[in-house]
There are 2 protein chains.
Amino acid sequence: MKPKITLKDIAKELDVSISTVSKALKNSKEISKDTKDRIKAFAKFYNYRPNNIALSLKNKRTKNIGVVIPDIVHHFFTTVFRGIEMYANQMGYNVIVCISDESFDKEVINMEMLANGSIDGFILSLSAETQRKNDFTHLKELLDQGIPIVLFDRVTEEIACDKVILNDKVISTEAVEHFITAGANKIALVTTENFFNVSESRKEGYLQALKDNGMTVNQDLILTLPHSLDNTNLITEFFQQNEIDAVLCVNEIFAVQCMSVIQQLGYNVPNDISIIGFTDGILSKYSSPKLTTVAQHGEKMGEKAAKFLIDRMESLEMEEAPFKTEIINATLIKRGSTIN
Amino acid sequence: MKPKITLKDIAKELDVSISTVSKALKNSKEISKDTKDRIKAFAKFYNYRPNNIALSLKNKRTKNIGVVIPDIVHHFFTTVFRGIEMYANQMGYNVIVCISDESFDKEVINMEMLANGSIDGFILSLSAETQRKNDFTHLKELLDQGIPIVLFDRVTEEIACDKVILNDKVISTEAVEHFITAGANKIALVTTENFFNVSESRKEGYLQALKDNGMTVNQDLILTLPHSLDNTNLITEFFQQNEIDAVLCVNEIFAVQCMSVIQQLGYNVPNDISIIGFTDGILSKYSSPKLTTVAQHGEKMGEKAAKFLIDRMESLEMEEAPFKTEIINATLIKRGSTIN
DNA sequence: AAAAGTTACGAAAACGGTTTCGTGTTAATA
DNA sequence: TATTAACACGAAACCGTTTTCGTAACTTTT
């Protein structure tokens, strides 16, 4: 056991004052070369490292950033997180993660805990419940206290802060048009029932594409699935009762489930029915055929969010820069589940 | 902007001393009821919360735990992390994550950063490079400094600390025996080339099962794949050149890749060739047929690791409790890729 | 009425740093 | 030789808490 050494320890041992030690280690020219050398050698020998907590207290900044996400066992959030972590780390910041588990209360509690000094700023994606309740007082209070926040993906207009989002609507339109170009005209949408702005945007994009191409919307071709259950039966019914030649799914799980059902029903993907999903995760990459999918570039999103946050935190006090919203351009990765 | 309020602010405003405020808020009976009420009301009104950093400095404990994992975009680590986060959170701890990205240097740097006061203890799974180099001085130093460490999954015997591992060997044997019971006798293994102790154990279990059942080992039936590339060709060759009726894969990606190749070659899963993988992630759940797989119970592992760490940290000073190794029992989840 | 005990609070040290401001010794200048 | 400047260092404040200890001002006991 050789416990961490402090400035005080060095000072006592070398019979100088704490201030001298501190200055010497910072190479202050106030201190003579001799003394500096002695102190540095000693510090090196005992592997002295300043205590982060003491520094945080003194500097009133922790170099920690708080990340609050609804779920971590989810490819998209995972990649965003990785982007955040990489950029933050590179800039000398550490990342404290809290999982809201889609719960409003957890989101609030976690953020309040961290806000009492543990972090300098937040990056978060709203929990489902928070979006449903439309209650953002916790975020407003933190902003009031001068704690910067960056929202990503699941954002809200109620909060004025930096945001990073995906061009969900545009890419959905593009996806549907990819179907249309290939000759499809009975295009279905499989989406979630939740009040997620992202699902909404994707639906809008879908509708937009139909409209732009003079196609009529058939509500029967829009399947809204409940959250996290086995939806096989619903999906099977859906494909049995409707004539469909292409389907856009708002996530890769739905996409792969649809593909499974479709193949089970004896149809060929992509010849009889084409499929496009969202999220370029392992499901899309290892299915057969491989799924055409919307790559959300989570890492890029995370990196951008971290950059927004760190920029704002480091432009200390002149916090008057206007809030920005960065739109990450999703891209359609064309693979085997679509024609062309 | 209403910045955070401190004890000093309250003291000044109410014209009492800082100590009085502190004691009043802790309900000390040294303080008269009148004063306590005044102070509490004021504090409540201004939403006073003690500063975590100051507390950390005073108490010499941060209530943060550091988690260092090789990768986050990986189902198993993700679930372990979730288990850690849940338990830690529940016990009032926050979690700081660093991703070593399988790099020795990153592992070392990150841990040293965090060790200077930011965290009270570590939970980690060794990076591939660390395992290859067999260099654990960074861990030894931290232990020397009195910082507790819990290793999980990718562990080493070189370090004396609490550990949480999977019964990889036993479950592999069990998996192979599941094949044998169903009548297989040309059983293959698809594994990684890395020096992971887990892959080693799984191989041992495979060999053990063959031996126990009086079967001879055919080295041709053991395919060692390089890390993270497209292995389709290697796998295809493997199944073309060998007669195989069952294959155990050390992860679910290999399993699903094998399944894809097998089906492509015109064989039926599970009738012609059965498959068992490791990791019960989405790939296993959404493939068709669904994969029989080894569930590693990552959450449980994470929870146990967090419990080990917190127990040790909170049994302050009487750190003489012997180190324990918890073996998490993996379970075989039987699904459509095997008979029976 | 003196001694002892309560009550209610404040001063100060401590945690581990950084930084401003003195100050005693020399060295350079007038 | 007296004055000033440069040098090299220390004292102390500060960040926001907790906690020990001291002490006025009462109250109670004898």
Side-chain angles (χ1 to χ4, degrees), chain A residues 3-40 42-43 46-64 113-120 145-146 316, chain B residues 3-40 42-43 46-64 113-120 145-146 316:
Chain A
K4 291 246 92 174
I5 195 177
T6 69
L7 287 188
K8 195 198 275 189
D9 299 331
I10 302 184
K12 199 186 313 172
E13 209 64 33
L14 263 44
D15 214 49
V16 291
S17 78
I18 295 181
S19 4
T20 302
V21 179
S22 175
K23 288 170 190 165
L25 293 175
K26 309 206 100 181
N27 234 325
S28 160
K29 57 191 168 195
E30 268 184 58
I31 308 299
S32 72
K33 184 163 184 322
D34 267 14
T35 314
K36 275 198 279 198
D37 287 348
R38 271 174 64 223
I39 293 179
K40 283 187 193 166
F42 190 91
Y46 283 100
N47 195 27
Y48 169 79
R49 296 273 180 274
N51 180 306
N52 290 334
I53 299 295
L55 287 180
S56 295
L57 186 57
K58 180 100 248 274
N59 302 334
K60 288 169 149 294
R61 63 205 306 264
T62 61
K63 287 246 165 191
N64 286 157
M113 276 265 42
L114 292 183
N116 298 317
S118 298
I119 53 89
D120 298 336
Q145 287 171 27
L316 36 152
Chain B
K4 290 247 94 173
I5 195 178
T6 70
L7 287 187
K8 194 198 274 191
D9 299 331
I10 302 183
K12 200 188 311 174
E13 208 65 32
L14 263 44
D15 213 51
V16 290
S17 78
I18 296 181
S19 2
T20 302
V21 178
S22 175
K23 288 171 190 165
L25 293 175
K26 309 206 100 182
N27 234 325
S28 160
K29 56 192 168 192
E30 268 184 57
I31 309 299
S32 72
K33 183 162 186 324
D34 266 14
T35 314
K36 276 199 278 197
D37 287 349
R38 271 174 66 223
I39 294 179
K40 282 188 193 165
F42 189 91
Y46 283 100
N47 196 29
Y48 169 78
R49 295 272 180 275
N51 180 306
N52 291 333
I53 299 294
L55 288 179
S56 296
L57 185 58
K58 182 101 249 277
N59 302 332
K60 290 170 148 296
R61 63 203 309 259
T62 61
K63 287 242 162 195
N64 286 157
M113 276 264 42
L114 292 182
N116 298 318
S118 298
I119 52 90
D120 299 336
Q145 288 170 27
L316 37 151

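A note on names: the letters A, B, ... follow the listed sequences, proteins ahead of strands, and every chain is numbered from 1.
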Here the distance between atom P of D/dA8 and atom NZ of A/K36, to the nearest Å, is 9 Å
B/I18 CD1 to C/dA14 P, in whole Å, measures 17 Å
Rounded to whole Å, the NZ-C1' distance (B/K33 to C/dT7) equals 16 Å
Sub-4.5 Å side-chain heavy-atom contact between B/L7 and B/Y48: yes
So, with a heavy-atom separation below 4.0 Å from DNA chain C, the residues of residues 51-60 of chain B are B/L57, B/K58, B/K60
Between CG of A/L25 and P of C/dT18 the distance, given in whole Å, is 8 Å
CE (A/M113) and NZ (B/K63) are apart, to the nearest 0.5 Å, by 9.0 Å
Contacts of B/T62 meeting side chain to side chain donor-acceptor pair (under 3.5 Å) (sequence neighbours excluded), chain-then-number -> B/D120
A/K40 meets the side-chain contact (heavy atoms from CB on, under 4.5 Å) criterion, sequence neighbours left out, with A/L25, A/N27
Are B/K4 and A/N116 packed together at the side-chain level, in the sense that at least one heavy-atom pair is separated by less than 4.5 angstrom? yes
OP1 or OP2 of D/dT17 under 4.0 Å from side-chain N/O of B/K8: no
Rounded to whole Å, the CD1-P distance (A/I39 to D/dC9) equals 8 Å
Rounding to 0.5 Å, atoms CG (A/D15) and CD1 (A/I10) come to a distance of 14.0 Å
Closest non-hydrogen contact found for B/N52 with A/S118 is ND2-OG, 2.9 Å
Axis-to-axis angle for the helix from C/dA1-D/dT30 to C/dA30-D/dT1, ends of five pairs each, to 10°, equals 70°
message: Whether the A/S17 and A/T20 side chains hold a donor-acceptor pair (N or O, under 3.5 Å, no angle test) is what I'd like checked.
response: yes
A/L7 atom CG is separated from C/dT19 atom C1', nearest whole Å, by 13 Å
The salt bridge (Lys or Arg N to Asp or Glu O under 4.0 Å) partners of B/K36 (sequence neighbours excluded) come to none
Atom CG of B/N116 and atom P of C/dC15 are separated, to the nearest Å, by 18 Å
What residues 9-17 of chain A contributes to the DNA chain C interface at heavy-atom separation below 4.0 Å is none
Checklist entry - Closer than 4.0 Å, any side-chain N/O of A/S22 to the OP1 or OP2 of C/dT18? => result yes
Hits for ring-ring contact (aromatic ring centres under 6.0 Å, His included) against A/F42, two or more places apart or cross-chain, chain-then-number order -> A/Y46
Residue set satisfying side chain to side chain donor-acceptor pair (under 3.5 Å) with A/R49, at least two apart, ordered chain then number -> A/N47
Residues passing the side chain to side chain donor-acceptor pair (under 3.5 Å) test with B/N51, sequence neighbours excluded, are none
Whole-Å distance, B/R38 CZ to C/dC9 C1', equals 12 Å
Please write out each protein N/O paired with an N/O of nucleotides 20-28 of chain D under 3.5 Å, distance rounded to 0.1 Å.
unit_1, atom_1, unit_2, atom_2, d
D/dT20, O4, B/K23, NZ, 3.3

So salt bridge (Lys or Arg N to Asp or Glu O under 4.0 Å) across residues 20-35 of chain B, not counting sequence neighbours, yields B/K23-B/E30, B/K33-B/D37
Residues at least two apart in sequence or cross-chain that pass side chain to side chain donor-acceptor pair (under 3.5 Å) with B/S32, listed by chain then number, are B/T35
